[in-house]
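Here is the naming used below: chain letters follow the sequence lines, and residue numbers restart at 1 for every chain.
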Number of protein chains: 2
Amino acid sequence: MLNNSQYIEKLRSSGLRPTKQRIKICEVLFNTQKTFHFTINELVKRISKSTNDKISLATVYNTVHAFKNKGYLKEIPINSDQSYFDTNTSHHHHFYDETQKDLIDIDDADVEPVKINTRIPGKKIKSVEVLVKVEDDKS
Amino acid sequence: MLNNSQYIEKLRSSGLRPTKQRIKICEVLFNTQKTFHFTINELVKRISKSTNDKISLATVYNTVHAFKNKGYLKEIPINSDQSYFDTNTSHHHHFYDETQKDLIDIDDADVEPVKINTRIPGKKIKSVEVLVKVEDDKS
DNA sequence: TTCTACATTATAATAGTTCTAAACTGTTGA
DNA sequence: TCAACAGTTTAGAACTATTATAATGTAGAA
Ligand SMILES: [Mn+2]
Ligand SMILES: [Mn+2]
Ligand SMILES: [Zn+2]
Ligand SMILES: [Zn+2]
């Protein structure tokens, strides 16, 4: 929940020029009470609802990737035909509702730390993500 | 490590006609000492190395999906441009080497059971998968 | 203000996957 | 035994998410 000049500062300080497209996308992504998950298509819809100036699809892709690289977004691995992104960049895991194709955060307090008692020599761990797939309980 | 007539029986008993294409794909997938991970493209290459009769790409897709639905294969959720499949259908987790784009099994004994202390009402858990992303350790 | 590197854009290209519809084949049961 | 049928294979087209291209525009420095 920042204002525009704060987004401008944030962008500048991470080496991204604060263009009006990027500022608008910041607003759509980060001017919310709650974090959320989205696909590029869903983001494009949100953007067009909140502005009259259209932002090209290529710019949305470019910006999402730039933000991901800067650590402002995370990409969630769900094997699907499209990428899912998350505005919640803190460490947490997910439910994936296969019936409704919906990603839901799992509060980190509700997951015991995942202990992996093996390593790969010469490799360092970048992330440990748990994906809990759920479906409608018809029993 | 079954022989052809055992694959025929396996296919028949799961309601799949034992065509020569499916039997060949069974051989490529299941006639190995170790289980492995593959993409469709890699599977196509393995198939063409092991037979002169060519199997169409559509059939490979059809068969992989049929086998997945019957539980003979698992699809591994890695956010990537292509689907990864696993001939190891037992419960286990993975390292994903982002440098080499390589999936590696984690022995289930090396992972403490993942405890999720929350549920979604009306939904039942289908799977709990841990993906540990690793990269080259340059430090 | 001018310059330049960075950013946006429309559009084409790419690539994994699914669809289509015609030809083929395994199985059944008369 | 073999006709009939449902299931399967196939080549190629279609689809769709994503990336590349290259021309135009713009933020920020000097
Ligand atoms: Mn998929
Ligand atoms: Mn991706
Ligand atoms: Zn999340
Ligand atoms: Zn595996």
Checklist outcome for this item: B:Leu16 atom CG is separated from D:dA6 atom P, nearest whole Å, by 18 Å
Checklist entry - Within the structure shown, what part of the strands sits under 4.0 Å from A:Lys20 by heavy-atom distance: base, sugar-phosphate, or nothing? => result nothing
Checklist outcome for this item: Between CD1 of B:Ile23 and P of C:dT25 the distance, given in whole Å, is 14 Å
Checklist entry - Do A:Lys24 and A:Glu27 sit within salt-bridge range, that is, some charged N less than 4.0 Å from a carboxylate O? => result yes
Item to check | Atom of A:Thr87, atom of A:Leu29 and distance for their closest heavy-atom approach | outcome: CG2-O, 3.7 Å
Checklist outcome for this item: B:Asn79 atom CG is separated from D:dT18 atom P, nearest whole Å, by 8 Å
Next on the checklist: Any carboxylate oxygen within less than 4.0 angstrom of a Lys/Arg side-chain nitrogen, looking at B:Asp97 and A:Lys123?
Outcome noted: yes
Next on the checklist: Counting only side-chain heavy atoms from C-beta out, which of C:dT8, D:dT10, C:dA7 sits nearest to B:Ala58?
Outcome noted: D:dT10
Item to check | A:Glu112 and B:Asn117: side chain donor to acceptor below 3.5 Å | outcome: yes
Checklist entry - What is the distance from CZ of A:Arg12 to P of C:dC6, rounded to the nearest Å? => result 16 Å
Item to check | From D:dG12, C:dA7, D:dA17, nucleotide with atom closest to A:Asn41 side chain | outcome: D:dA17
Item to check | 5'-most by nearest nucleotide on DNA chain C - B:Ile8 or B:Tyr84 | outcome: B:Tyr84
Checklist outcome for this item: Checking D:dA6, C:dT17, C:dC19 against the side chain of B:Arg17 (C-beta onward), the nearest is D:dA6
Next on the checklist: With nearest nucleotide decided by heavy atoms, which residue, B:Leu57 or B:Arg22, maps closer to the 5′ end of DNA chain D?
Outcome noted: B:Arg22
Checklist entry - Which whole-number value in Å describes the distance from B:Tyr7 OH to C:dG26 C1'? => result 21 Å
Checklist entry - How many Å lie between CG on A:Asn62 and P on C:dA5, as a whole number? => result 19 Å
Checklist entry - Over how many whole Å does the gap from B:Lys101 atom NZ to C:dA15 atom P extend? => result 15 Å
Checklist entry - When you measure from the side chain of B:Ser56, which nucleotide among C:dA5, C:dT8, D:dA11 comes out closest? => result D:dA11
Checklist entry - How many Å lie between NZ on A:Lys70 and C1' on C:dA7, as a whole number? => result 14 Å
Checklist entry - Nearest to the side chain of B:Gln82 - D:dG28, C:dA7, C:dT17? => result C:dT17
Next on the checklist: So, does B:Lys54 get its side chain near the phosphate of D:dA11, meaning an N or O under 4.0 Å from OP1 or OP2?
Outcome noted: yes
Item to check | Exercise: do B:Tyr7 and B:Asn31 side chains pair donor with acceptor under 3.5 Å | outcome: yes
Item to check | Test item: A:Ser13 side-chain N/O and A:Lys10 main-chain N/O as donor-acceptor pair under 3.5 Å | outcome: yes
Checklist entry - Would one find a side-chain N or O of B:Tyr61 under 4.0 angstrom from OP1 or OP2 of C:dT18? => result no
Checklist outcome for this item: Among C:dT17, D:dT10, D:dA20, the one nearest any side-chain atom of B:Ser83 is C:dT17
Next on the checklist: With a 4.0 Å limit, can you tell me whether B:His65 has a side-chain N or O closer than that to the phosphate oxygens OP1/OP2 of C:dT18?
Outcome noted: yes
Item to check | Phosphate OP1/OP2 of C:dC24: any B:Gln21 side-chain N/O under 4.0 Å | outcome: no
Next on the checklist: Within the 4.0 Å heavy-atom criterion, would you say A:Thr19 contacts the bases, only the backbone, or no part of the nucleic acid?
Outcome noted: sugar-phosphate
